Amino acid sequence: MRADFKVLLDACVLANFGVCDLLLRLAESPRLFLPVWSDEILRETHRTQIDKLGWPKDLAESFEIEIRKAFPHAAVNDYGHLIEKLENEEKDRHILAAAIRSGTSLIVTFNLKDFSESAIRPWGIDVAHPQDYLNTLYEMAPLEVVGKIGEIAGRRGIDKMDLLLRLGKTVPNFVSRIIEDLNLE
């Protein structure tokens with residue numbers, strides 16, 4: 001075990017397979033953070049995978065089963081009573097409530113606009129785009145991050161640069177930094 005910093009991963013992050021895969025690999029031993037989500041976030045991820053991304057239902061179900069198995073302590077519940085007190089975007093109040101309930105101080109999401117500074121400040125919670133959080137993890141543990149990228153590429157049977165180019169579609173600043181640092185250009 002390396003780090004016990006809790007990070008709530010929004011459904012939009014979990015549904016983005018490339019980003020999710022890298023983040024969850026970084027949460028494996030020796031972990032760089034503890035992932036947190038709620039059942040509602042996992043249901044939203046499942047709907048996105050099927051309805052928007054066209055995943056077969058059995059694949060989306062398998063994904064959920066596997067991440068629950070890999071991270072059995074990630075689920076947070078009993079936060080519904082907090083929702084009415086929150087002032088962020090209504091459709092995402094359950095996310096902030098889950099973060100508060102779990103004691104998480106960071107939400108990682110592509111939907112930064114749904115979490116205004118005035119809505120999150122009273123709760124002591126920050127919000128970060130996945131590429132910003134990946135950059136933070138890279139600054140903390142560059143060898144681990146690059147190692148996980150290599151492992152993922154190897155598992156997929158692709159070159160590391162191909163994996164980075166795919167990731168670059170959603171986290172371009174992070175990928176540019178890795179490519180520059182590793183002189184892969």
Side-chain angles (χ1 to χ4, degrees), residues 5-28 31-71 74-76 88-89 91-92 94-96 98-99 102 104 106-115 125-138 141 144-179:
F5 184 73
K6 292 181 181 179
V7 175
L8 188 132
L9 301 176
D10 192 359
C12 58
V13 174
L14 292 173
N16 182 307
F17 186 73
V19 172
C20 174
D21 190 22
L22 179 55
L23 282 169
L24 292 182
R25 301 276 176 210
L26 293 169
E28 293 174 340
R31 67 180 181 232
L32 298 182
F33 70 98
L34 287 168
V36 175
W37 48 69
S38 67
D39 289 342
E40 191 169 352
I41 289 170
L42 291 181
R43 282 192 300 274
E44 190 177 327
T45 302
H46 186 268
R47 280 192 310 272
T48 299
Q49 289 168 332
I50 293 171
D51 297 341
K52 293 183 180 174
L53 301 176
W55 286 29
K57 187 176 179 184
D58 61 331
L59 181 60
E61 288 170 0
S62 175
F63 173 85
E64 184 175 338
I65 289 166
E66 291 303 315
I67 66 168
R68 285 182 186 274
K69 193 184 323 176
F71 301 98
V76 60
N88 63 303
E89 178 69 35
K91 69 177 179 56
D92 284 335
H94 68 97
I95 296 165
L96 181 55
S102 68
T104 299
L106 181 65
I107 297 169
V108 175
T109 182
F110 286 101
N111 300 323
L112 300 175
K113 66 181 178 5
D114 293 346
F115 300 93
I125 294 178
D126 290 317
V127 178
H129 190 282
Q131 76 180 353
D132 296 330
Y133 190 57
L134 284 167
N135 273 323
T136 297
L137 293 175
Y138 179 63
E144 285 89 343
V145 173
V146 171
K148 292 295 182 181
I149 289 169
E151 286 176 29
I152 293 167
R155 243 185 246 115
R156 292 186 190 174
I158 61 174
D159 167 287
K160 192 184 306 186
M161 187 61 166
D162 287 340
L163 177 67
L164 288 169
L165 291 174
R166 292 175 189 184
L167 275 171
K169 293 176 183 174
T170 51
V171 289
N173 294 343
F174 167 71
V175 168
S176 293
R177 184 172 181 194
I178 298 287
I179 290 171

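In what follows, every heavy atom counts, from backbone to side chain, and hydrogens, waters and symmetry copies are set aside. Values in this document were obtained by computation on a predicted structure and should not be read as measured data.
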Those residues that, when tested against Y138, pass ring-ring contact (aromatic ring centres under 6.0 Å, His included) (two or more places apart):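 In terms of ring-ring contact (aromatic ring centres under 6.0 Å, His included), with neighbours along the sequence ignored, Y138 is linked to no residue.
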
message: Using the ring-ring contact (aromatic ring centres under 6.0 Å, His included) criterion, which residues pair with Y133? Sequence neighbours excluded.
response: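 In terms of ring-ring contact (aromatic ring centres under 6.0 Å, His included), with neighbours along the sequence ignored, Y133 is linked to F33.
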
side-chain hydrogen bond (donor to acceptor under 3.5 Å, both in side chains) partners for [X], two or more places apart:
X: K91; answer: D114
X: E61; answer: none
X: E64; answer: R68
X: K69; answer: E66

Could you tell me if the side chain of [Y] sits less than 4.5 Å from the side chain of [X], heavy atoms only?
X: F17; Y: L53; value: no
X: C20; Y: L23; value: no
X: I125; Y: F115; value: no
X: P35; Y: L24; value: yes

Between atom [atom1] of [X] and atom [atom2] of [Y], what is the distance when rounded to the nearest 0.5 Å?
X: I178; Y: N173; atom1: CD1; atom2: CG; value: 12.0 Å
X: L106; Y: L9; atom1: CG; atom2: CG; value: 9.0 Å
X: L112; Y: D132; atom1: CG; atom2: CG; value: 7.5 Å
X: T104; Y: L96; atom1: OG1; atom2: CG; value: 10.5 Å
X: L137; Y: L26; atom1: CG; atom2: CG; value: 6.0 Å
X: T136; Y: L32; atom1: OG1; atom2: CG; value: 11.5 Å

Taking all non-hydrogen atoms of both residues into account, name the closest pair between [X] and [Y] and its distance.
X: F110; Y: C12; value: N-SG, 3.3 Å
X: F174; Y: L22; value: CE2-CD2, 3.8 Å
X: A99; Y: L8; value: N-CD1, 3.6 Å
X: V76; Y: S102; value: CG2-CB, 3.7 Å

- request: With sequence neighbours excluded, give me every side chain to side chain donor-acceptor pair (under 3.5 Å) pair touching residues 6-19.
  value: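 For residues 6-19, and leaving out neighbouring residues, the side chain to side chain donor-acceptor pair (under 3.5 Å) pairs sorted by first residue read D10-T109.
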
query: Can you pull the side chain to side chain donor-acceptor pair (under 3.5 Å) pairs that have at least one residue in residues 41-50, sequence neighbours excluded?
result: E44-H94

message: Could you walk me through whether L42 and L14 satisfy the side chain to side chain contact (heavy atoms under 4.5 Å, CB included) test, starting with their C-alpha distance in whole Å, then the side-chain angles of each, then the deciding distance to 0.1 Å, before giving a yes or no?
response: CA-CA 8 Å; L42 291 181; L14 292 173; 3.9 Å; yes

N/O donor-acceptor pairs under 3.5 Å from side chains in residues 148-169, not counting sequence neighbours:
residue: R156; atom: NH2; partner: D21; partner atom: OD2; Å: 3.0
residue: D159; atom: OD1; partner: M161; partner atom: N; Å: 2.5
residue: D159; atom: OD1; partner: D162; partner atom: N; Å: 3.2

